[in-house]
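Order of appearance sets the numbers: ligands from 1, and atoms from 1 within every ligand.
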Amino acid sequence: MTPHPATTTALEHAQQAADEIARRTGQPTHDIAVVLGSGWAPAADLLGSTIAEIPIAEIPHFSAPVVDGHGGRLRSVDADGVKVLVFLGRTHLYEERGVDAVTHGMRTAAAAGCRVVVLTNGCGGLDPSWTPGTPVLIRDHLNLTGTSPLHGAHFVDLTDLYSTRLRGICREIDPSLPEGVYAQFRGPMYETPAEIEMVRAIGGTLVGMSTALEAIVARSTGMEILGLSLVTNLAAGMSGSPLNHEEVLAAGHAAAERMGAILAQVVRRA
Ligand code: 8IG
């Protein structure tokens, strides 16, 4: 079946981006992509040695993200010979640039040669034992955005979307890592307490504004996916205090060491 024209365009844009990344980094290909979400930036420096760093807006069809603490840079890292393409920041659905902008990094990573992608995020947690700063392995997701990142009749299997193999490697590194089901909302508002009760009723344990749409496109390209959430706050209605962006950044700094150690080891063993 011929792809939808929008898919063809998105793949062409990704090839242009990958060509520019190869030119600017001097690395013809990369092995693993890592997307660092809210709170994860402090862990970036523990991955390996930086070969090149580029403002993401200088790569074709990317634009700088709008949120503070989301960086907007692309880094090529050598992790003991493993070439890692690190996205410091991402485009979110709530920026209203469309699903292709949200998932351009995934198609670009695949075009750059990556076979594995590590998607990280900061999120709310529904399990009260997950105090802010707890990393959680994503076992599965609920796409509650009301949209799809795929175009046309492009049927994609989503079983074992978040690789059992990669989760196993993470638990070897850090046996106490819990697992959760990530519910992606469109945002930018946080949930109401009633929406959190709905998520709980349908099996979700983590809530955020990223990752699921990216994972769908990553699967469509054939990449193997690891999802890592950093719980930065209890979900709405659970703590008695309102949610704010500052606690997100603080949780990231507090947990950077642990998250950095997990990332550094998993990219070497993936
Ligand atoms: I950090 O509680 C962070 N991102 N939807 N809900 C949603 N996104 C988030 C949350 C949260 N915390």
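- At under 3.5 Å, not a single nitrogen or oxygen of Y190, backbone or side chain, sits near a nitrogen or oxygen of ligand 1.
- By the 4.0 Å heavy-atom criterion, A235 is excluded from the residues contacting ligand 1.
- Ligand-side atoms of ligand 1 in range of G124: 2 (O), 10 (C), 11 (C), 12 (N), range being under 4.0 angstrom from any heavy atom.
- Once rounded to the nearest 0.5 Å, the distance linking CG of L137 with OG of S163 reads 10.5 Å.
- Taking distance alone, with nitrogen or oxygen atoms compared against 3.5 Å, E191 approaches ligand 1 more closely than that limit.
- R115 and D31 are not joined by a salt bridge, as no carboxylate oxygen comes within less than 4.0 angstrom of a charged side-chain nitrogen.
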Derivation of the salt bridge (Lys or Arg N to Asp or Glu O under 4.0 Å) call for R73 and E58: CA-CA 9 Å; R73 301 182 71 79; E58 294 178 13; over 6 Å; no
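- Ionic pairing of R219 and D160 is not present here: no N-O contact between side-chain nitrogen and carboxylate oxygen is shorter than 4.0 angstrom.
- Between the side chains of R90 and T120, no donor N or O sits under 3.5 Å from an acceptor N or O.
- Residue contacts with ligand 1 include C123, since one or more of its heavy atoms lies under 4.0 Å from the ligand.
- Heavy atoms of T232 found under 4.0 angstrom from ligand 1 belong exclusively to the side chain.
- Residue-level proximity to ligand 1 for N233 is carried by the side chain, the only part with a heavy atom below 4.0 angstrom.
- Test E224, R171, R269 against L166 for side-chain contact (heavy atoms from CB on, under 4.5 Å) and you get one pass: E224.
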